[in-house]
*Asks:* 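Here it is, the structure, as C-alpha cells.
Computed from heavy atoms alone, side chains included, the values below leave out hydrogens, waters and symmetry copies. By convention in this document, chain letters (A, B, ...) are assigned in the order of the sequence lines, proteins followed by strands, and residues within each chain are numbered from 1.
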Amino acid sequence: MNCRSEVLEVTVEGRQVEEAMLAVLHTVLLHRSTGKFHYKKEGTYSIGTVGTQDVDCDFIDFTYVRVSSDELDRALRKVVGEFKEGLGNSGGDGLGQMSEFYQKKKSRWPFSDECIPWEVWTVKVHVVALATEQERQICREKVGERLCEKVTNVVEVMNRHEYLPKMPTQSEVDNVFDTGLRDVQPYLYKISFQITDALGTSVTTTMRRLIKDTLAL
Amino acid sequence: METDLNSQDRKDLDKFIKFFALKTVQVIVQARLGEKICTRSSSSPTGSDWFNLAIKDIPEVTHEAKKALAGQLPAVGRSMCVEISLKTSEGDSMELEIWCLEMNEKCDKEIKVSYTVYNRLSLLLKSLLAITRVTPAYRLSRKQGHEYVILYRIYFGEVQLNGLGEGFQTVRVGTVGTPVGTITLSCAYRINLAFMSTRQFERTPPIMGIIIDHFVDRPYPSSSPMHPCNYRATGEDPGVAYPSVEDSQEVCTTSFSTSPPSQCVFTVTKAHFQTPTPVVTDTLRVPMAGLAFSHQLSSSRLSYQPAALGVGSADLAYPVVFAAGLNATHPHQLMVPGKEGGVPLAPSQPAHGAQADQERLATYTPSDGAHCAATPSSSEDTETVSNSSEGRASPRDVLETAFVRKVGAFVNKPINQVALTSLDIPFAMFAPKDLELEDTDPMVNPPDSPDPESPLQRSLHSDGSSGGSSGNTHDDFVMIDFKPAFSKDDILPMDLGTFYREFQNPPQLSSLSIDIGAQSMAEDLDSLPEKLAVHEKNVREFDAFVETLQ
C-alpha cells in the first residue's frame, strides 16, 4: 500500500504563520476525525457526534471550520507554536511535514510496533517580511484567498475516497484511531516540522511530536 | 441503472439521500446567516444527529427544503438547488451562488449502503462545511446588514445558472457513489460582482422607508447581525400586513430571523415589514423550468437591517459596485450614492470637495464664481455645483457669520473702531485700556488705512470707518481687518484680502494653454533636433556662463 502524499505551499507574513497552519491542519483533521466509537456486543459499534465551529483568523481575512474539540485544538496549537518559534529563530522558511496519518501494525515482541503512514500532508511555509501597513493589508487578503484555494485542494483530495484504514474491531481501534481525546476520535497522526534557514540548509534536526504513542519506551 | 438492492438497503439509501439533502440545505443556509456557527461534539451518540455531525436544524429551512422536494429525491435530471443571492436595501438583487445536489447515472454496485455510503455522505457534509466558508459569498454574508442582505431560495429541477453572470466559477465539493447513481455536490459562484442598477423604481417610494427606531435595543447581543429590527416604511399603511405574520413572529421566537415561505420576503419581529407586494414579486422568481416539477418557492431573508435612506435616493441611477473578483472581502466598498447608511467611496470624495468648496466660500469672497464651479467633476456633483452656486448666492451672509472682529496685534485700525466686546480677543493683555495710552502708542494706534474699502468691508460696515465700538457692541459678528506684519501699504495700497482677491486667478501659463497642449508629442519630438542645433551653436556662450559661476 502506497502512502499518498499531498503538498501545499503558502507564503505568509510572520504573524500569519500560526493561523495559516492551523487552518490547514484543522481542515485536514475535520475530514479525518470521527465521533467516539462505542462498541457494543456482537462487534457492532455506534459513533458519537462531531461538532464543528467557525474560527475567524485575526491576521488573515479567512474563516475555517474546525472540529469542536478543545483538546485537539490545544494539541495543534502547541505544535504550531513550536513551529513558529523555530521559524522565528531561524528567520528562514519552514517545511512543516504535518498530519502524517498512520496506522500501527502490531509486531511481535521484542519488536516495536510499526507505524505505517497512509497519508501525508506537507505544508511548505514561506515567510516574508512586510514593511508597510498597506502591504500587510494586501497580504491579509491575498493569504486569505490562497487559503481558500488550499481548503479547496484539501477537500478535493479528501473526496477522492482513496484508501482509508478499515474500521477496526474494539481490540484494534488504538492501532487506527487516536482514542485519547474525550470528544472526538481522529485517525492516528503525528506532526513534525523542519526549519530551513535562508540558505536552504536544515538548521534544526527534525523534531517529532507524537500526539499519541502507546509505545513510550 | 439500479442493482438488485434489497428493500432494506433501498429504503436506507433513500432515507440517507433525503436527510443528506436536508442537511445540505441547512449547512448552506446557516453558512450564509452572517454569523459564526458553533456546535458541540458529543461522545455519546444521540441517535438524532444524522451522519454523526452536529448540524442544527432551523425549522423554517427544513420546512422550505421539504416543500421544495415535495416528497421527491434528487435523481438524474432532478437536482436540488439552493440559490444564494444578495439584495440591497434599494431592492436590487444579484445571484451569488447556486449550490447543486445532483445525481448522475454512474452507479457503484458493490458499495455498501449502510456503511460506506453513509460515511462518505458524512465526509461530504464535512467538505461542504469547509467549502461554504471559502466561496466569496461567505465574506459578503458575514458583513451583511444595513446595506444588503443575503437571501436563499430552494428549488428542485433543472439547475439555472443564468443569473450568475459571465465567467462564473464552479467548485465541486465532492461525490459519493451509490448503487442507484453518483451523488454530486457542487457550487457555481459569481465572479463578477459589479452590479449595474439602473432600474427605475416602480414601487411606491420610498422603497425601504426609514427606520423609526433604528437604535432600538435588541433583545440579543448586538454582535449577531441576524436579529431583525423593527421597521416601518414611511407612507405605508400600517395596516398592510402579510398573511404570514404569525409565521414571522414564530420565526422570531427562535434566535434566527429567517423568514418563512413566499409570502414574506423580510422577517420582522413584531412590526413586520411593510414591503409592498411588488417587492415580493420581484424577489420571488419562478424558475421557468421546462419540466413540470413542483417548485415551491421560498425567497427568504436571512438577515436584514434596512438603512436610513434619503427619499431622493431612489431617483438616482448609479452603478452599485461590489469588490470585484474573488476578493469580496469589503462589501462596504459598495457604492450606493445618496445613501446614508452605506459607506460610499467615490461619492464621498466629491461630497467632501463640495463641502470644502463651501468652506472656502465661507472664508473668501467668491468674486469669481468660475473658480467654484470648476471643482466638481462627477455627475453627482451637479448637486454640489448647485449647492455651491446657492452658497455663492449669499456669500456675504456666510462671510458675515464667519468673521469676528477682534483686537489683534498690528491691527491697522484706530482703536475706536475695534470692538472690545469679544471676550476672547487675542493678545487681550496688550489691548489698550484707555485711549490716552493708545493715542501715544503708534503700535496700538497706527495711522488710518488709506485704502479704499473692499466690498467685503462695505458690506459689513454700513457706517463706514466711523462707528464706534458702541455700534459694534451688540453686533455678534465684527469684521476683522488684517494687516500683515511689515506689509507696506504705500506701494500697493491694499490689504491681504484685497491682494488675494486680485491675484486669485492668475493667467494660465502658456505652456498649459490648450493651444500648446494641442501639439502632439510627435511634434514636440520633431522640434527637438532644431532646438538642440541652436543650443549647440551657442555652446561657447554657455560654457563661458558656466565658468563665471564657478
*Asks:* With rounding to the nearest 0.5 Å, note down the distance linking NZ in B:Lys36 to OG1 in A:Thr63.
*Replies:*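 Result: 7.5 Å between the selected atoms.
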
*Asks:* What distance separates B:Ile55 CD1 from A:Thr52 OG1, expressed to the nearest 0.5 Å?
*Replies:* 7.0 Å

*Asks:* Check whether A:Val184 gets within reach of chain B through its side chain, its backbone, both or neither, counting any heavy atom under 4.5 Å.
*Replies:*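 The answer is the side chain of A:Val184.
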
*Asks:* Hey, could you give me the OG/CD1 distance between A:Ser68 and B:Ile37, rounded to the nearest 0.5 Å?
*Replies:* 11.0 Å

*Asks:* Rounded to the nearest 0.5 Å, how far does OG1 of B:Thr116 lie from NE2 of A:His161?
*Replies:*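 Between atom NE2 of A:His161 and atom OG1 of B:Thr116 there are 10.5 Å.
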
*Asks:* At a 4.5 Å cut-off on heavy atoms, which part of A:His38 comes close to chain B: side chain, backbone, both, or neither?
*Replies:*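 Answer is side chain: those atoms of A:His38 sit under 4.5 Å from chain B.
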
*Asks:* Any idea which of B:Ser42, B:Gly174, B:Ala130, B:Ala31 has the most non-hydrogen atom pairs under 4.5 angstrom with chain A?
*Replies:*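 Sorted descending by pairs with chain A, the first entry is B:Ser42.
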
*Asks:* Does A:Arg182 have more than 12 heavy atoms from other residues, nucleotides or ligands lying within 6.0 Å of its CZ?
*Replies:*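 At most 12 heavy atoms, drawn from other residues, nucleotides or ligands, come within 6.0 Å of this atom.
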
*Asks:* Out of A:Gln185, A:Met167, A:Glu156, A:Arg160, return the one with the most heavy atom pairs under 4.5 angstrom to chain B.
*Replies:*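 Looking at each of A:Gln185, A:Met167, A:Glu156, A:Arg160 in turn, A:Met167 comes out on top.
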
*Asks:* Tell me every residue that passes side-chain hydrogen bond (donor to acceptor under 3.5 Å, both in side chains) with B:Arg40, counting only those two or more places apart in sequence or in another chain.
*Replies:*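 If we apply the side-chain hydrogen bond (donor to acceptor under 3.5 Å, both in side chains) test to B:Arg40, skipping adjacent residues, there are no hits.
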
*Asks:* To the closest 0.5 Å, what do you measure between CG (B:Leu123) and NE2 (A:His31)?
*Replies:*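 Going from CG on B:Leu123 over to NE2 on A:His31, the span is 5.5 Å.
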
*Asks:* Can you sort out the partners of A:Asp54 under side-chain hydrogen bond (donor to acceptor under 3.5 Å, both in side chains), two or more places apart, ordered by chain and number?
*Replies:* B:Arg133

*Asks:* Is chain B contacted by the side chain of A:Phe37, its backbone, both, or neither, given a heavy-atom distance below 4.5 Å?
*Replies:* neither

*Asks:* Answer yes or no: is there a side-chain heavy-atom contact under 4.5 Å between B:Val134 and A:Phe62?
*Replies:* yes

*Asks:* Grab the two heavy atoms, one from A:Thr49 and one from B:Ala54, that are nearest each other, plus how far apart they are.
*Replies:* CG2-N, 3.3 Å

*Asks:* At a 4.5 Å cut-off on heavy atoms, which part of B:Tyr115 comes close to chain A: side chain, backbone, both, or neither?
*Replies:* side chain

*Asks:* Keeping B:Ser41 on the side-chain end and A:Val50 on the backbone end, is there a donor-acceptor pair under 3.5 Å?
*Replies:*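 Side chain of B:Ser41 to backbone of A:Val50, a donor-acceptor pair under 3.5 Å: no, none is there.
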
*Asks:* Top residue by heavy-atom pair count (under 4.5 Å) with chain B, among A:Gly51, A:Ser69, A:Gly144?
*Replies:*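 Looking at each of A:Gly51, A:Ser69, A:Gly144 in turn, A:Gly51 comes out on top.
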
*Asks:* A quick test of your reading: do over 12 heavy atoms of other residues, nucleotides or ligands sit less than 6.0 Å from CZ of A:Arg146?
*Replies:* yes

*Asks:* So if I apply the side chain to side chain contact (heavy atoms under 4.5 Å, CB included) rule between B:Lys126 and each of A:Asn159, A:Val155, A:Leu30, which one comes out positive?
*Replies:*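 Output: one option passes, namely A:Leu30.
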
*Asks:* Got a second to check how far B:Asn52's CG is from A:Lys36's NZ, nearest 0.5 Å?
*Replies:* 14.0 Å

